[in-house]
Amino acid sequence: MTADSILQQLRKITVEDRIGALTKEEDRESLEQWKQSGVVFAASSADMENVYYSAVHKLMDCIVPMDGGGLVLHEGGVYLGSWLESTGTISAERLSRFMPEVAEATFRLFAEYQREDGLIPYKVTPAGPAYRQIQMVTPLARSVWNHYIGTGHSKAFLAEMYQAMSRFDAWLASRRNTRGTGCIEAFCTFDTGHDLSPRFWHVPDTPHLEDAARVHPDSPLLPFLAPDLTANVYCQRLYLSRIAEELGESDAGWRARAAASSHSLFSHCYDGEDAFFYDRDQGGRLVRVQSDVLLRVLACEVGDREFFDAALRRYLLNTGKFFAKYPFTSLAMDDPRFDPSSGYNTWGGTTNFLSLIRAPHAFEHHGRYVELTWVLQPILAACSRMTRFAQTLSPWTGEEGYTEAYSPAILCLLDYVERLCGILPAGGGELWFTCLLPYNMDHGRETAHETGYRRIVDGTVFELINTHEQAVIYRNEEEYLRCPFGVRVVLDRAGHLRKLIGMSVRQIEGEVRYQGKRLPFNVKGNEQLEYADGGFVSISDIGVVLPEYR
């Protein structure tokens, strides 16, 4: 196919036709919300395009009415309801770019059902809210903030969530710091959603007597000083500070409390020799199980770029640790307890879509855009073969595992397409147009030689056409910008050129055609070029961290 033919294919697609018959009456409202985003995807590969619209169709199945209070996102598959660790945080944050009304209603669930003592439910199901454990991973405050800045700045929503999150912070500080270390403690396996992980072997799955404020009194191990829970609260407090200031209040002490959380995290849960975060049991011993806790902590913005890069080299991009053929494994592959099986709900080794949907923030926070593409590519290759949208993937083969119609898997696919070859509204009023393509990673299968993507932003229709040679951006169906393959073009929401980012390990040289000008450039991997005074100036050049083998 040519760029012109993929453009025509894109413009002929209607979402209604591609997703097929709707399952329930409420899906009509869901579809209308989707259509307001204007998002349409086209690919030269029928497999890639078909699985994309299958995902949109199954996403509608995961969106349900909630007690007459609007539509909300459910976890999907065997999970009937919305979970704080996933649906109510990272999944709603991703959904916000496509269906902001559903995302906001999902966030609100956890404030509306907050208990009088400040505890937020770990899930809300058709049977009502549940408070048995805390089960938190992605910081709620960060997800709420990103939704707020991307969807029109509703201060009423922000204020409501701020009050709820402040009260929850107080609950955690008073009930989950029994050892007085400042760390947030895990009382059971389900507090972190780490089902079957060796991290929690010989620990109860639920808190004592199913009370989130009680730990099993006869456990020889509990409570754990938990690095991921402590990092969560650290990051929450950073964003609560931003939110307080946005609402016209003072910092309210949030930054000082965040600093205290960071100090506790490194003092009690970090091993400098291993450069890894571990739980510390009640006997003061480190629980030396290397799990995806590291990625969780890094996604909470812990550490600077140098710290993150060291973690990439030693762990995340290491094929002897977490960088499987289909990354990231939930347990280090050199751990004798590692179990690659994906046929059941487990965090004992297999790749989980919740890790994958959480991962981009850890990389992008430090400008590691190229390295992230090495995760996007194999996962999209696996997704092009999907039929069920499972919770787990085999780290060896990419085959689907446990359950189906799982909304984190669905949203991960939609998110990864947008990050690799689509149009993504990002923070700071930026629009990312990424000029890459899904690559043939699996047995020579065609994934896509050309793609097209459309999105409506503030009433303006933007389109992006990618081929292996070049990319073309259209604005209201008129050619607007042309550039070589292998870069990310950053515009503001009005369409003004801001930056170029190198998205390949190789150096990209060429020219951008923009507003009647030919703008030459030369950009290395992860390098950022600012557009100013009719040309490009390098403002950041951090290089690329290569994968390791041991």
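Bear in mind that the values here come from a model prediction, so they are computed numbers and not experimental data.
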Student: For a 4.5 angstrom cut-off between non-hydrogen side-chain atoms, does Met333 reach Phe322?
Tutor: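 They are not in contact (no side-chain heavy atoms under 4.5 Å apart), so the answer is no.
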
Student: Do the non-hydrogen side-chain atoms of Arg97 and Glu418 ever get within less than 4.5 Å of each other?
Tutor: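 Arg97 reaches Glu418 side chain to side chain.
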
Student: In terms of ring plane angle, is the pair Phe277 and Tyr270 parallel, tilted or perpendicular, where the classes change at 30° and 60°?
Tutor: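 Because their plane-to-plane angle lies in the 30° to 60° range, the rings of Phe277 and Tyr270 count as tilted.
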
Student: What I want to check is whether the side chains of Asp339 and Tyr344 have a donor and an acceptor closer together than 3.5 Å.
Tutor: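 Yes, side-chain donor-acceptor contact under 3.5 Å.
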
Student: Looking only at atom types and distance, does a side-chain atom of Arg368 sit under 3.5 Å from a main-chain N or O of Phe308, one as donor and one as acceptor?
Tutor: no

Student: May I ask you to establish whether Arg176 and Phe187 are in a cation-pi arrangement, using a distance under 6.0 Å from NZ or CZ to the six-membered ring centre and at most 45° from the ring axis?
Tutor: yes

Student: How would you list, by chain and number, every residue that makes a side-chain contact (heavy atoms from CB on, under 4.5 Å) with Ala299, sequence neighbours excluded?
Tutor: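 Here the qualifying residues are Ala362.
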
Student: Test side-chain contact (heavy atoms from CB on, under 4.5 Å) on Thr350 and Tyr402; report intermediate values, then the result.
Tutor: CA-CA 10 Å; Thr350 193; Tyr402 179 70; over 6 Å; no

Student: Would you check if there is a donor-acceptor pair between the side chains of Glu75 and Tyr406 at a distance under 3.5 Å?
Tutor: yes

Student: Classify the ring geometry of Tyr148 against Trp145: parallel below 30°, tilted from 30° to 60°, perpendicular beyond 60°.
Tutor: tilted

Student: Please say whether the positively charged group of Arg296, taken as NZ for Lys or CZ for Arg, lies over the ring of Trp347, i.e. under 6.0 angstrom from the six-membered ring centre and within 45 degrees of the axis.
Tutor: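 Yes.
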
Student: Working to the nearest 0.5 Å, report the span between CG of Leu196 and OG1 of Thr346.
Tutor: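 These two atoms lie 4.5 Å from each other.
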
Student: Is any side-chain N of the basic residue among Arg493 and Glu430 closer than 4.0 Å to the acidic one's carboxylate O?
Tutor: no

Student: Determine whether the aromatic ring centres of Phe224 and Phe200 lie less than 6.0 Å apart.
Tutor: yes

Student: For a 4.5 angstrom cut-off between non-hydrogen side-chain atoms, does Thr434 reach Leu424?
Tutor: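 They are not in side-chain contact.
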
Student: Can Trp34 and Glu32 be counted as having a side-chain donor-acceptor contact under 3.5 angstrom?
Tutor: no

Student: Give the C-alpha distance, both sets of side-chain angles, the deciding distance and a yes or no for salt bridge (Lys or Arg N to Asp or Glu O under 4.0 Å) between Arg175 and Glu185.
Tutor: CA-CA 9 Å; Arg175 271 76 164 191; Glu185 296 162 352; over 6 Å; no

Student: State the OG1-CD distance between Thr87 and Glu93, to the nearest 0.5 angstrom.
Tutor: 13.5 Å

Student: Among Val39, Leu376, Leu380, which one satisfies side-chain contact (heavy atoms from CB on, under 4.5 Å) with Val417?
Tutor: Leu380

Student: Using a 4.5 Å cut-off on heavy atoms from C-beta on, say whether the side chain of Ser91 contacts that of Arg94.
Tutor: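 Side-chain contact under 4.5 Å: no.
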
Student: Going from CG on Asp251 to OG on Ser241, what distance comes out if it is rounded to the nearest 0.5 angstrom?
Tutor: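 Answer rounded to 0.5 Å: 3.5 Å.
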
Student: Less than 3.5 Å apart, which donor and acceptor atoms pair up between the side chains of residues 55-65 and the rest of the protein, not counting sequence neighbours?
Tutor:
unit_1: His57; atom_1: NE2; unit_2: Ala21; atom_2: O; d: 2.8
unit_1: Lys58; atom_1: NZ; unit_2: Thr387; atom_2: O; d: 2.7
unit_1: Asp61; atom_1: OD1; unit_2: Thr23; atom_2: OG1; d: 3.0

Student: Any side-chain heavy-atom pair from Arg18 and Asn50 closer than 4.5 angstrom?
Tutor: yes

Student: Do Tyr326 and Glu399 have a side chain donor and acceptor closer than 3.5 Å?
Tutor: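 Tyr326 vs Glu399: no donor-acceptor pair found between side chains.
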
Student: Mind telling me whether Phe157 and Phe107 have parallel, tilted or perpendicular rings, with 30° and 60° as the class edges?
Tutor: tilted

Student: Relative to each other, are the rings of His216 and His208 parallel, tilted or perpendicular (30° and 60° limits)?
Tutor: parallel

Student: Kindly compute the distance separating CG (Leu413) from CZ (Phe353), expressed to the nearest 0.5 Å.
Tutor: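 Reported value, rounded in 0.5 Å steps: 8.0 Å.
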
Student: Determine whether a donor-acceptor pair (N or O, by modelled atom type, separation under 3.5 Å) exists between the side chain of Asp27 and the backbone of Lys24.
Tutor: yes

Student: So Arg132 and Asp211, salt bridge (Lys or Arg N to Asp or Glu O under 4.0 Å) or not? Walk me through it.
Tutor: CA-CA 5 Å; Arg132 183 180 61 189; Asp211 181 347; over 6 Å; no

Student: Hey, are the side chains of Ser394 and Pro340 touching, using non-hydrogen atoms and a 4.5 Å cut-off?
Tutor: no

Student: Is it the case that the side chain of Ser261 and the backbone of Arg257 share a donor-acceptor pair, with hydrogens and angles ignored and the cut-off at 3.5 Å?
Tutor: yes

Student: Taking it one step at a time, do Glu400 and Arg385 satisfy salt bridge (Lys or Arg N to Asp or Glu O under 4.0 Å)?
Tutor: CA-CA 9 Å; Glu400 292 182 89; Arg385 299 183 270 125; over 6 Å; no

Student: Please work out which of the three classes, parallel, tilted or perpendicular, describes the rings of Tyr453 and Tyr52, given edges at 30° and 60°.
Tutor: perpendicular

Student: Do NZ/NE/NH1/NH2 and the carboxylate oxygens of Arg199 and Asp228 come within less than 4.0 Å?
Tutor: yes

Student: Is the charged tip of Arg419 near the ring of Tyr416: under 6.0 Å from the six-membered ring centre and within 45° of its axis?
Tutor: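 Judged by the rule (NZ or CZ under 6.0 Å from the ring centre, within 45° of its axis), Arg419 is not positioned above Tyr416.
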
Student: May I ask you to say whether Lys35 pairs ionically with Glu16, meaning some side-chain N is under 4.0 Å from a carboxylate O?
Tutor: yes

Student: Looking at Phe98, is Arg455 sitting on its ring face, NZ or CZ under 6.0 Å from the six-membered ring centre and within 45 degrees of the normal?
Tutor: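 Satisfied, under 6.0 Å and within 45°.
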
Student: Quick one: CG on Leu240 to CD on Gln236, what's the gap to the nearest 0.5 Å?
Tutor: 6.0 Å

Student: Residues in side-chain contact (heavy atoms from CB on, under 4.5 Å) with Arg28, at least two apart?
Tutor: Leu22, Glu25

Student: Nearest 0.5 angstrom please: Arg358 CZ to Thr138 OG1, how far?
Tutor: 5.0 Å

Student: Using a 4.5 Å cut-off on heavy atoms from C-beta on, say whether the side chain of Ser330 contacts that of Ser291.
Tutor: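 Side-chain contact under 4.5 Å: no.
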
Student: Are Leu238 and Trp254 close enough that some pair of their side-chain heavy atoms sits under 4.5 Å apart?
Tutor: no

